[in-house]
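Following: one structure in structure tokens, then a few remarks.
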Protein chains: 2
Amino acid sequence: MSKGERTRAAILDQALAMTSTDGLTGLTIGTLADRLGMSKSGLFAHFGSKEQLQAAVLERAAELFADTVVRPALAQPRGLPRVLALFENWIAWTMDTVLPGGCPIQAASIEFDDRPGPIQDLIVKQQEDMRRVVIGATRRAVEEGHLRSDLDVEQFAFEGISLCYGFTQSYRLLKNPKAEMWARTAVHGLVDRGRNRQ
Amino acid sequence: MSKGERTRAAILDQALAMTSTDGLTGLTIGTLADRLGMSKSGLFAHFGSKEQLQAAVLERAAELFADTVVRPALAQPRGLPRVLALFENWIAWTMDTVLPGGCPIQAASIEFDDRPGPIQDLIVKQQEDMRRVVIGATRRAVEEGHLRSDLDVEQFAFEGISLCYGFTQSYRLLKNPKAEMWARTAVHGLVDRGRNRQ
DNA sequence: TTGACAATAGTACGACCGTTCGTATTATTT
DNA sequence: AAATAATACGAACGGTCGTACTATTGTCAA
């Protein structure tokens, strides 16, 4: 790993933290450079434009999300355990203190839902990917016989993802101490309702 | 209504539209003034600071939300019809084209969930108000015997609100044509599960 | 050790930010 | 109609934004 790659990684780590609190637009090259003790121009040279920096931050965020939420869940046995792990890890990710300001991708998706362009395209792609992961895991649980065969997996995914999003609201903004319990209860309820009668 | 009050209202209307697409931070006095054909300083004098402008925008947004979502729902007979109307109106509000960029309060709550200050305080208050409205209507439906007496109304509100939030994601960013159906199905499912067996 | 190139710093730019000020214009009241 | 308050304007302030160029430093293979 060359020196350039190392600094680039350090930049992205710091940028990710800043983005999680200030958003992709609030992320600023000047203060980012200050916080890293380097010059604006030196930092800038790594990316070429702010937009490319934003894209890199998003990709780094998706990597982190995949490492924290998706991959550990995929390590679970297929079927219900995997679906549950997905939601549980997602809830834990929202509460994670690694990123001081919560999931940057969720913030970005509201920030950019009316600003067409390459960044919006990237966010849409990432969200669709995540949706596919949830749907895939759910469909697998149906195949395994854990969930009803007539379950609408898209509806299921919509509700599960909505709960994870709503949790952010209650936990991060409202700081409601019951938020975590509500989210877990809701997710387990969703899964239970999809179960096969036995 | 004096002239000042009239322009102030016109400013807030335009500001609300801009905020819904660009966020409270992206809202800019200069371009707002341009769009209204008036000078920066003339506009500025109406509010005294950008922060007070932001607060005024949020309050205007809450008024609009109350007029569009809450009041029509309260006009419904108490109990289940009112609860359902609340969610239906909320879904319609998200799809509304009056505000080009979706609910500004939802956007602001993610934008400011890590920026303490008077604006965050105001957003929290607004969200708590809305939560109270949902909980109140739900509790009333329990009293009327429409919903189970052992229903956890807070849990119910959390799930309903989460669904409305998740709907924004699917509808506005991902532009999924099934989003509306998913949201309606989910909300009706939530309500049905809370029903009294009869 | 030197030469080539990657990495960083330095400086400058035009544009826009929120804000202030003095002044002109328009409404409202007396 | 005169007096006063409300409203709006234009110009300017100090800052920060992203970006462009040039110069300097650091790294690492030959």
Side-chain angles (χ1 to χ4, degrees), chain A residues 1-19 21-58 60 104 107-108 111-112 115-120 122, chain B residues 1-19 21-58 60 104 107-108 111-112 115-120 122:
Chain A
M1 196 185 195
S2 76
K3 174 153 194 238
E5 287 169 322
R6 250 178 293 131
T7 31
R8 197 188 138 103
I11 292 172
L12 286 180
D13 278 348
Q14 185 66 49
L16 203 55
M18 282 185 59
T19 298
T21 66
D22 301 331
L24 271 184
T25 314
L27 175 66
T28 243
I29 296 177
T31 66
L32 179 57
D34 276 354
R35 231 173 265 201
L36 287 157
M38 66 186 297
S39 68
K40 251 170 72 166
S41 50
L43 190 154
F44 185 82
H46 280 270
F47 302 94
S49 76
K50 175 160 187 193
E51 199 171 63
Q52 283 177 264
L53 168 63
Q54 292 174 321
V57 167
L58 277 177
R60 183 82 192 83
E111 210 177 344
F112 279 84
R115 302 194 213 171
I119 297 295
Q120 178 179 314
L122 179 54
Chain B
M1 197 184 196
S2 76
K3 177 160 193 233
E5 286 170 323
R6 248 178 295 129
T7 33
R8 197 188 137 103
I11 292 172
L12 285 180
D13 278 349
Q14 186 66 49
L16 203 54
M18 284 187 58
T19 298
T21 66
D22 301 331
L24 271 185
T25 315
L27 175 65
T28 242
I29 295 177
T31 66
L32 179 56
D34 276 354
R35 229 173 266 201
L36 287 157
M38 65 186 298
S39 67
K40 256 170 65 168
S41 49
L43 191 154
F44 185 84
H46 280 272
F47 302 94
S49 76
K50 175 158 188 194
E51 197 172 65
Q52 282 176 263
L53 167 63
Q54 292 174 320
V57 168
L58 277 177
R60 183 85 191 82
E111 210 177 344
F112 279 83
R115 301 193 213 171
I119 298 296
Q120 176 179 313
L122 179 55

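Naming convention: chains lettered A, B, ... in sequence-line order (proteins, then strands); numbering from 1 in each chain.
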Assess the residue pair E5(A) and R8(A) against the criterion (side-chain contact (heavy atoms from CB on, under 4.5 Å)); give the C-alpha distance rounded to whole Å, side-chain angles, the decisive distance to 0.1 Å, and a yes or no.
CA-CA 5 Å; E5(A) 287 169 322; R8(A) 197 188 138 103; 5.5 Å; no
side-chain contact (heavy atoms from CB on, under 4.5 Å) assessment of R60(B) paired with D13(B):
CA-CA 8 Å; R60(B) 183 85 191 82; D13(B) 278 349; 3.6 Å; yes
Derivation and outcome, side-chain contact (heavy atoms from CB on, under 4.5 Å), residues F44(B) and L53(B):
CA-CA 8 Å; F44(B) 185 84; L53(B) 167 63; over 6 Å; no
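With rounding to the nearest 0.5 Å, the separation of CD in E51(B) from CG in L24(B) is 10.5 Å. One distance of note links NZ of K40(B) with CG of L43(B); it measures 10.5 Å at 0.5 Å rounding. We find the OG1-CG distance between T7(B) and L12(B) to be 10.0 Å, quoted to the nearest 0.5 Å. Annotation: the span from I29(A) atom CD1 to F47(A) atom CZ amounts to 9.0 Å, rounded to 0.5 Å.
Comparing dA9(C), dG18(C), dG10(D) by their nearest atom to the side chain of S39(B) picks out dG10(D). With dT8(C), dG18(D), dA8(D) as the candidates, the nucleotide lying closest to the side chain of T28(A) is dG18(D).
Not one N or O on the side chain of E111(A) forms a donor-acceptor pair closer than 3.5 Å with the backbone of G23(A). One N or O on the side chain of R115(B) and one on the backbone of D22(A) form a donor-acceptor pair closer than 3.5 Å.
Atom CG of L24(B) and atom C1' of dG18(C) are 16 Å apart (whole Å). If you measure from atom CG of D34(B) to atom P of dC9(D), you get 11 Å, rounded to the nearest angstrom. Counting to the nearest Å, the P atom of dA8(D) and the CD atom of E5(B) are 12 Å from each other. Atom-to-atom, CD1 of I29(B) to P of dT16(D) comes out at 17 Å; the value is rounded to the nearest Å.
Among the protein residues, L27(B) comes within range of the sugar-phosphate backbone only, with heavy atoms under 4.0 Å from sugar or phosphate atoms but none that close to a base.
For K40(B) against dG10(D), no side-chain N or O and base N or O form a donor-acceptor pair under 3.5 Å.
Annotation: proximity of residues 41-54 of chain A to DNA chain D (heavy atom, distance under 4.0 Å) is found for S41(A), F44(A), S49(A), K50(A), numbered in ascending order.
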So if I define the base as every atom that isn't primed, P, OP1 or OP2, how would nucleotides 25-30 of chain D read as a B/S/- string at a heavy-atom cutoff under 4.0 Å?
--S---
